[in-house]
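Presented below is the structure to which this report refers.
Note that ligands are numbered from 1 as they come in the structure, with each ligand's atoms numbered from 1 the same way. What you see below is based on every heavy atom in this structure, not just the backbone, and it leaves out hydrogens, waters and symmetry mates. Just so we're clear, the structure is a prediction, and the values are computed from it rather than from any experiment.
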Amino acid sequence: MSQSIAERVRALREQINYHNYRYYVLDSPEIPDAEYDRLYRELEALEAEHPELVTPDSPTRRVGGKPLEGFAPVAHRVPMLSIRTETDIEATGALNFNARIRRELKLKDDDPPIEYACELKFDGLAINLRYEHGVLVQAATRGDGETGEDVTQNVRTIRCIPLRLNAAKPPAVLEVRGEVFIPRPDFERYNAKQRESGGTPLVNPRNGAAGSIRQLDPAIAAQRPLSFYAYGVGETAGWKLPPTHSRILDALLELGLPVSSERAVVQGPQGLVQFHDDIGRRRDSLPFDIDGVVYKVNSLDLQTRLGFVSREPRWAVAHKFPPEEELTVVQAIEVQVGRTGALTPVARLKPVFVGGVTVSNATLHNQDEIDRLDVREGDSVIVRRAGDVIPEVVAVVKDRRPQPAPVRFEILQRYPACPVCGSHVVRQPGEAAIRCSGGLYCPAQRKQALLHFASRRAMDIEGLGERLVDQLVDLGLVRTPADLYRLGMAKVANLERMAEKSAAKLLAAIEKSKHTTLARFIFALGIRNVGETTAKDLARHFGSLDALLAADEEALMQVPDVGPVVAQSIALFFSEPHNREVVEQLRAAGVKWAEAAPQRRQLGALAGKTFVLTGTLPNMTRDEAKDRIEAAGGKVAGSVSKKTDYVVAGADAGSKLIKAQELGVTILDEDALCRLLEPEAQGRLDF
Ligand code: IVH
């Protein structure tokens, strides 16, 4: 029994030392603070129960880690202490602290309440700033509390830290203590920039602040959006110390140091609870991370009477909030199909309490994000949930990856077909999302697809809005748009809030929509990348639905403005048998339109002709001219060659015009171009 406790204590010390090293020395923590705190508390508890197991080198006897080799050591003249953490996370934690203080001070129940200074517990890196005669001469990290590291060069780059105090007669010595941190919006901005430029983003603001301060090159620290808040003093000389902690902070503010305005002086335990609850509510709207609040006995006299236990003052306590980051395991990665058909990967997590709720899913956004994190099934991950924000996987703890390592997660490999409807899934060039091509057929997209089908510019079914679509689909009355045409009075009149008159109106609107145009019909199908204009182009070009159904990608690319991406979308859509089936059902239900002869390439003259544009045209921009030539079947090239049919020349035409003259290419001005284009314009049918 005692043997196994001794072993556990040894194991805990080893782990804590390792994580201290990662956190304090390498600035690269592997586990979230909450997990570290648990290990630390377990060791503390075991040592309290078994004092014989305490050794001088236990991490509980020593705060922080060794200074890095690259920085000169700085002996703190007044040790940099740490604060006791109140274990009770509920508001009652504040009451416990007050009760303890009153006990220590031997106060009676009817003695007046104690005055406290309440502050935020900033989540960054503790720094000591030494001012001599008003000038910043040295900045040091806490290190182990006795000896820190000289990081003056880096700290000087922090804009909000004054290099000279704002005082006519500054104190001979004033050491200011506070926290260096990165505000959350700056952190997000910095990371967005890093990702864009292919750089390495910071894991979280705390880690980013600590890592920046420990950069050997101050130029790097200068690029990081570091900030600072003062929360106390160290050594002072030639300074009249104010009588309370809050007055010290007021004085620091006067001297030009940043002090957070989120602080309060309160009387008694209710004041503490109020401050705790108020900050807890507003935690997520603060522009920086905090992990709790700090209560300090305000009177310095009382502070002196209370004194210290080991390295912690009795007069202060940190009262933490539930962690916003936690460690858990990814049990599986699955995908969800959204209303627009995008496949969103979701990490199924071992349930974990974070940000005040139990979280069992976290979005992984898309394949790019999976690649960036390199998250795999079975991985241990850090999950973050702040406020109402959707839980996110922040980082993978690579050292805890199961062995042999699970394979990299590729959505397309794992889900070659939509998990909801079985249709093909595709990732089109330039798109982050992988999408189901099921469209109307896919239950996940059904409601969205039906709304689009019925919309004004598509089939124009008046009165068929979101509320009705929801009901029709949820009651199983409508699966595909073809089902709309099979709805009878009996079914519609049964719907919620549907009087007979409005039911009749809806049925009439559905009936009316049967008479449509081919362009509207194509648009209504909701083929990805096929908007209203493309639908019109397709209708005009093919003239009939059967001609469109028969077209392959190459044939589709003959349509003006249809490039490879759009052609692929269309071909893919009609390659799904279920999509063709819906089309047939709609035709069978009586949806019809006037079919026309195909209107291909109105301008025989421009089809297959190559144009080069040079100079400035009087009325058309170059893009307009290009669009119109291409719409008429012509091609626009960048340079003049023997293959060029026409050079369109405007004002200030240069070498291209000369080359055209040399080669004997026909030269057009804008008027001449318009005459060539005109038949096309006249030939346009209004669809
Ligand atoms: S006072 C005598 N006040 O918390 C107590 N510390 O374990 C000395 N911290 O690393 C610290 N916000 O960097 C104090 N308002 C605050 C604080 C604060 C954050 C950090 C500090 C230290 C740790 C204490």
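- At a threshold of 4.5 Å between non-hydrogen side-chain atoms, the residues R156 and L136 count as touching.
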(request) For the pair Y295 and H319, evaluate ring pair (Phe, Tyr, Trp, His ring centres under 6.0 Å) and give the outcome as yes or no after the intermediate values. (result) CA-CA 8 Å; Y295 312 132; H319 194 183; 5.7 Å; yes
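- Among protein heavy atoms, atom 20 (C) of ligand 1 sits closest to E179 OE1, 3.6 Å.
- At least one N or O atom of E119 sits closer than 3.5 Å to an N or O atom of ligand 1.
- Of all protein heavy atoms, the one closest to atom 2 (C) of ligand 1 is P313 CG, 3.4 Å.
- Heavy-atom contacts of L120 reach the following atoms of ligand 1: 12 (N), 15 (N), 16 (C), 17 (C) (cutoff under 4.0 Å).
- At the shortest separation from atom 12 (N) of ligand 1 among protein heavy atoms lies F122 N, 3.1 Å.
- For atom 1 (S) of ligand 1, the nearest non-hydrogen atom from the set K296, R177, E312 belongs to K296.
- Close contacts between ligand 1 and W315 involve ligand atoms 2 (C) [criterion: under 4.0 Å to a heavy atom].
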(request) I would like to know whether E235 and H76 meet side-chain hydrogen bond (donor to acceptor under 3.5 Å, both in side chains); could you show each step before the answer? (result) CA-CA 9 Å; E235 191 191 16; H76 296 301; over 6 Å; no
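- The protein atom (non-hydrogen) at minimum distance from atom 22 (C) of ligand 1 is R142 NH1, 3.6 Å.
- The minimum heavy-atom distance between Q194 and T200, with the atom names listed, is NE2-O, 3.2 Å.
- Under the 4.0 Å criterion applied to side-chain N and carboxylate O atoms, R372 and E369 are assigned as salt-bridge partners.
- The CD1 atom of I101 sits 13.0 Å away from the NZ atom of K296 when rounded to the nearest 0.5 Å.
- Heavy-atom proximity to S82, at under 4.0 Å, picks out these atoms of ligand 1: 7 (O), 24 (C).
- By the 4.5 Å heavy-atom criterion applied to side chains, F181 and D289 are not counted as neighbours.
- The protein atom (non-hydrogen) at minimum distance from atom 8 (C) of ligand 1 is L81 O, 3.8 Å.
- Here the protein heavy atom with the shortest distance to atom 23 (C) of ligand 1 is K121 NZ, 3.8 Å.
- With hydrogens left out, the protein atom closest to atom 7 (O) of ligand 1 is I83 N, 3.0 Å, a heavy atom.
- Salt bridge absent: R400 and E30 never bring a charged side-chain N and a carboxylate O closer than 4.0 Å.
- For atom 21 (C) of ligand 1, the closest heavy atom belonging to the protein is Y231 OH, 3.0 Å.
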(request) Walk me through it: do Y116 and F275 pass the test ring pair (Phe, Tyr, Trp, His ring centres under 6.0 Å)? (result) CA-CA 11 Å; Y116 295 104; F275 184 80; over 10 Å; no
